[in-house]
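Right, one structure below, let's go through it.
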Amino acid sequence: MAAYIAKRLLAAIPVLFGLSIIVFLIMAMIPGDPATAILGSYATPENVARLNADLGLDKSLPQQYLIWLGNLLQGDLGRSYALNRPVLDEVLERFSATLILAGTALVLCSILGLLAGVISAVRQYGLADKLITVLVLIGISTPSFWLGLLLILAFAVKIRLFPASGMYAIYGGGDLPDLLHHLFLPALTLAVVATGVIARLTRTAMLEVLRQDYIRTARAKGLTERRVIYRHAFKAALVSVIPVIGIQAGFVLGGAVYIETVFQWPGIGSMLVNAISTRDLLLVQGGVLVVAATYVLFNLAADVVQTILDPRLR
Amino acid sequence: MSDTAAPAMPARKKRGGGRPSALRLLLNNTLATTGLLVLVLIILIALAAPFLPLPDPDVTAPADRLLRPLADGHLLGTDALGRDILSRLIWGARVSLAVGISATLIAAFFGSLIGLVAGYAGGRVDALLMRGIDMVMAFPYILLALAIVAALGPGLLNALYAIAVVNIPFFARNIRGITIGLSRREFVDAARLSGKSNARILFGEVLPNVLPIIIITMSTTIGWMILETAGLSFLGLGAQPPQADLGSMLGDGRKILFTAPHVSIIPGLMIFVLVMSINLFGDGVRDVLDPRLKSGALTRPVARTAVERARVPERQPHKDNVLDVVDLNTQFHIGSSVYRAVGGVDLHLKQGECLGIVGESGSGKSVTAMSLMGLVPTPPGRITGGAAWLEGEDLFAVSDERIRQLRGADVSHVFQDPLSTLHPLFTVGDQLTEAIMAHRPIKRSDADKRAEELLRLVRITNPTERLKVYPHELSGGMRQRICIAMALANDAKIIIADEPTTALDVTVQAQILSLLDTLRRESNAAILFITHDFGVVSAVCDRVAVMYAGRIVETGRTQDVLENPAHPYTGKLIDCVPVLGQPERRLDAIEGRPPVVDNLPAGCAFADRCPRAQADCRAGEITLSPFGEDRAVRCLHPLERGAAHA
């Protein structure tokens, strides 16, 4: 198993390389001249040329990439000009908040999605199945940013059960109950779409598995139906749902952009939106890179879990 | 799967104009139709926006700001600048729809192109294109769109490009998968041989076949794209004022959420209705165009076959018989058709006896065997008549819990393909001990010991190590031995063996047969042996029953039936078995196919394939009549003694 994980980690390296190239290229493709953008349109050509040389922009693209990559590997993602601090520091600080939010949402959508999917499959065409099917359809069609606003109106304004924004109370907060109190609404909102997707796929996977010959064998052995469904069928269905959960990690990490904006969560998503508006491109670059790399690791973890469950993949 | 779950499909009857059209199927789906109606309505209103009597969406009126819905002249109220929300909503929906559809078309065009080229070209081109696609997919979807917007700068058109780009991989992957399959097909080879250019084959031959998949992918992604572009606008990165789409309206309204919630709730609701209608319609399109996903195909079989007996036989079981089956009827109800898979079968088994049931696929032999313990999948199967007594207990009348107690204990099963019948994710030991512990209140460690004994019993060496392996790590013969061990776990009185050797190599077949035979003599269990092979019957069965079209057509002692088959069908089946040392003997395949069991002819079901058929064979019901000692045959013109091998 350790050898397998090591192998998968090694296989992730080229993917991370690819990510870095894409991020670099997207930023390199920006129209216009960064030096002019920084110095303003009245800058003298000499000053522009000097700044271009300072920024390394007079070198060829592959050279620029290698310099950038070298800095990246030393943990130097440049400086945010709007915040006037190293990009890495800002990104890491913000990223922990995002991880708390997205991680909670991911756990939430996995549990709820699997549960709803299994119930739906077991009660196929029953009332519970119909109800879940409709809820799932509504869930995956709802704009999460709008749902967030509705929840704020309902729970923060009307019945004042949960706070509308932030990660901690401004005065006297900061402990775990306070965090959970602030976390509940945004994590729930973020989890809705992914829950729907996971529930749908779990239902299909369960129905698929329940038709398999080995389920007939389990019944022929005289196992209780509960054991047939929750042990034999669920384990097999889980193997095909795990990669989907890995993919949902990407949607949750990305969806955090909206939810953090709506709930003013101090994470990397709201940072990115601000950075894009202020054209703080190094900050955008660093943020995108860190989140994308995290997503690669999430998928890797999904692969490993799948392999633990399914001996045929080893 | 063995043929229990797959009754022969009927030749589709032409109804009026033949197959129901895709559109009709779609309209039969209420949800999809509703989605389509709402969507069409929204599109029509959006298209008609310039002609509707609406106030100018961009005219501000500070005096009328933040009017609530239902205000005079403003049905949905006004926003912070006093602009009419209804008008802005319709014009905004117009923008959102246009952007969503354009993004979908762009993504579909480039994605399909990449998929087609990669799938058709294969080799290095494929590898290169797909690695690129994988790289793009390694990004969280929305994040990549953000990065692109960051580079291009905020704006509706840039948001459109960004959303289109991040959706290209979905199309590329789906289309490539289908194209690879199509490129190996005969019609593509034929086109190549006829000298058509690659481009003409790709776009003339392959593309039309891929089109449904492109449409499915479009219908399932367009909702997403509208949602995501609205999201970018909501963040202030899409539509810039004064231009407004639904997302930017929502984003503007957010700032005054607490004072005037309607300004943000209304456009959000509109996005939701729009996306929901598209998703409903898209699901319907997918169901119609992708038969694999049609709902009926994925029905969950319940734990026990449904029993709906029209009549229960009056005859009581014979006390010498472990198993007594009288007039068993099992049907499959699929849509409006009824397949009579088993139409009145009588069977009996004495202790330690082996009865073979022989017949072609679709003859109902497996369904007969699986009906006994309620293992025929419901839906679509149901037992509609007869009784099966296990030592005097009517198996179709007992409770579900009683059936569970009997399964794997008094009556156990060995199925056809041991690779698919063993659970792939549990070890052999787990599966064996589970079978033991389901019926005996013993500790896990004792169950482990018992499992080891069982493996020794079925002649598996190193039983302790074998308990720890997974089914896929064993050979086919070894796996079937495990299944047999599982069937023996609780000293069954009856073992139902459903083609247990069919999936195995010939040499392994012989070993498994002799193992079963030895174990039967040691344990004195009765065996119901389902097979299509008379060679196998002659090796292990005491008696044999030949089935055709859901009925027994001949039964008797194996020796008698083999030497002097009476039913012409039995004769034909025996002729199918090659005999060692008689290479000159002609192996006859039986001409024609077994009848479809939803529409059986009157009289003998075999008449159409029978060389001896006469007019009276088709006239009416033919009974299973006694034919010598312990022998019965359902035939008006049985073969004479010695005629079969003439």
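In this text the structure is predicted, and so the values were computed from the model without any measurement. Chain naming here is simple, since letters A, B, ... match the order of the sequence lines and numbering starts at 1 in each.
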When only pairs under 4.5 Å are counted, which of A/V193, A/V273, A/L281, A/L149 shares the most heavy-atom pairs with chain B? A/L149

Please classify the contact of B/L422 with chain A as side chain, backbone, both or neither, using a heavy-atom distance under 4.5 Å. backbone

Checking A/L150 against chain B: side chain, backbone, both or neither under 4.5 Å from a heavy atom? side chain

Is chain B contacted by the side chain of A/A275, its backbone, both, or neither, given a heavy-atom distance below 4.5 Å? neither

Counting only non-hydrogen atoms closer than 4.5 Å, does B/S412 touch chain A with its backbone (N, CA, C, O), its side chain (CB onward), both, or neither? neither

Output the distance between atom CG (A/L253) and atom CD1 (B/I142), rounded to the nearest 0.5 Å. 9.5 Å

What closest approach, in Å, do B/S420 and A/D213 show between heavy atoms, and which atom pair accounts for it? OG-OD2, 3.0 Å

Heavy-atom pairs under 4.5 Å with chain B - which of A/G250, A/A292, A/G254, A/A220 has more of them than the others? A/A220

With a 4.5 Å cut-off on side-chain heavy atoms, are B/L143 and A/L272 touching? yes

Contacting region of B/L269 [heavy-atom separation from chain A under 4.5 Å]: both

Okay, B/M486 and chain A: the region with an atom under 4.5 Å from a heavy atom over there is side chain

Between B/D134 and chain A, which part of the residue has a heavy atom less than 4.5 Å away: side chain, backbone, both or neither? neither

Passes side chain to side chain contact (heavy atoms under 4.5 Å, CB included), B/T421 versus A/R216? Steps please. CA-CA 8 Å; B/T421 52; A/R216 186 183 57 186; 4.1 Å; yes

Could you tell me the separation between the NE2 atom of B/H472 and the CG atom of A/D310, rounded to the nearest 0.5 Å? 8.0 Å

For the interface with chain A, which of B/I271, B/I496, B/L257, B/V273 has the highest count of heavy-atom pairs at distances below 4.5 Å? B/L257

Are the side chains of B/V275 and A/P143 in touch, meaning some heavy atoms are under 4.5 Å apart? no

Interchain contact, B/V302 with chain A, by part (heavy-atom threshold 4.5 Å): backbone

Value rounded to 0.5 Å, distance of CZ in A/F145 from OG in B/S233: 8.5 Å

Checking heavy atoms, do the side chain of A/T224, its backbone, both or neither come under 4.5 Å from chain B? both

Residue from B/R131, B/E473, B/M135 scoring the most non-hydrogen pairs under 4.5 Å with chain A is B/M135

Residue part contacting chain A, namely of B/A409, when any heavy atom lies under 4.5 Å: neither

If I measure from the heavy atoms of chain B, does A/R227 come under 4.5 Å with its side chain, its backbone, both, or neither? side chain

Answer yes or no: does atom OH of B/Y161 have more than 12 heavy-atom neighbours from other residues, nucleotides or ligands under 6.0 Å? no

Side chain, backbone, both or neither of A/I21 within contact of chain B (heavy atoms, under 4.5 Å): neither

Which atom of A/T261 lies closest to which atom of B/R254, heavy atoms considered: O-NH1, 3.4 Å

Tell me, for A/R203 versus chain B, whether the close heavy atoms (under 4.5 Å) come from the side chain, the backbone, both or neither. neither

Answer yes or no: is there a side-chain heavy-atom contact under 4.5 Å between B/L235 and A/I276? no

Which atoms of A/V288 approach chain B - backbone, side chain, both or neither, heavy atom under 4.5 Å: both

Options A/L19, A/V296, A/V15, ranked by heavy-atom pairs under 4.5 Å with chain B, top entry: A/L19

Do A/R312 and B/Y470 meet the cation-pi criteria used here (NZ or CZ under 6.0 Å from the six-membered ring centre, within 45° of the axis)? no

For the pair A/R279 (side chain) and B/A150 (backbone), establish whether a donor and an acceptor sit closer than 3.5 Å, ignoring hydrogens and angles. yes

Given the side-chain rings of B/F139 and A/Y295, with only the six-membered ring counted for Trp, is the space between their centroids under 6.0 Å? no

For A/R123, I'd like to know if atom CZ has over 12 heavy atoms of other residues, nucleotides or ligands within 6.0 Å. no

Residue selection (most heavy-atom pairs with chain B, distance under 4.5 Å) from A/I140, A/L309, A/T142, A/L147: A/T142

For the candidates B/A438, B/P424, B/A487, which exhibits the highest count of non-hydrogen atom pairs separated by less than 4.5 Å from chain A? B/P424

Report which part of A/V252 has an atom under 4.5 Å of a heavy atom belonging to chain B: side chain, backbone, both, or neither. neither

Strictly by modelled atom types, are B/N279 and A/S141 linked by a side-chain donor-acceptor pair under 3.5 Å? yes

Heavy atoms only: give me the nearest B/L425-A/A236 pair and the separation to one decimal. CD1-CA, 3.6 Å

I want to check something: taking the side chain as every heavy atom from C-beta on, are A/K235 and B/F426 in contact at a cut-off of under 4.5 Å? yes

Turns out that what part of B/E228 lies under 4.5 Å from chain A's heavy atoms comes down to both

Closest non-hydrogen atom pair, B/L237 against A/S277: CD2-OG, 4.5 Å

Report yes or no: does A/W146 contribute a side-chain atom to a donor-acceptor pair with the main-chain N or O of B/I265 at less than 3.5 Å? yes

Counting only non-hydrogen atoms closer than 4.5 Å, does B/M437 touch chain A with its backbone (N, CA, C, O), its side chain (CB onward), both, or neither? neither

Of the non-hydrogen atoms in A/I26 and B/A147, which two are nearest, and what is the gap between them? CG2-O, 3.5 Å

Quick one: closest heavy-atom pair of A/I138 and B/M276, and the distance? CG1-CE, 3.8 Å

B/D283 vs A/L137, test: side chain to side chain contact (heavy atoms under 4.5 Å, CB included). Steps then yes/no. CA-CA 10 Å; B/D283 285 359; A/L137 209 58; 3.6 Å; yes

Test side-chain hydrogen bond (donor to acceptor under 3.5 Å, both in side chains) applied to A/K221 and B/E434, B/Q431, B/H413, the passing residue: B/E434

Chain B contact via A/V228 - which portion, at a heavy-atom distance below 4.5 Å: neither

Structural part of A/V157 lying under 4.5 Å from a heavy atom of chain B: side chain

For B/H423, is there any backbone N or O sitting under 3.5 Å from a side-chain donor or acceptor partner on A/H232? no

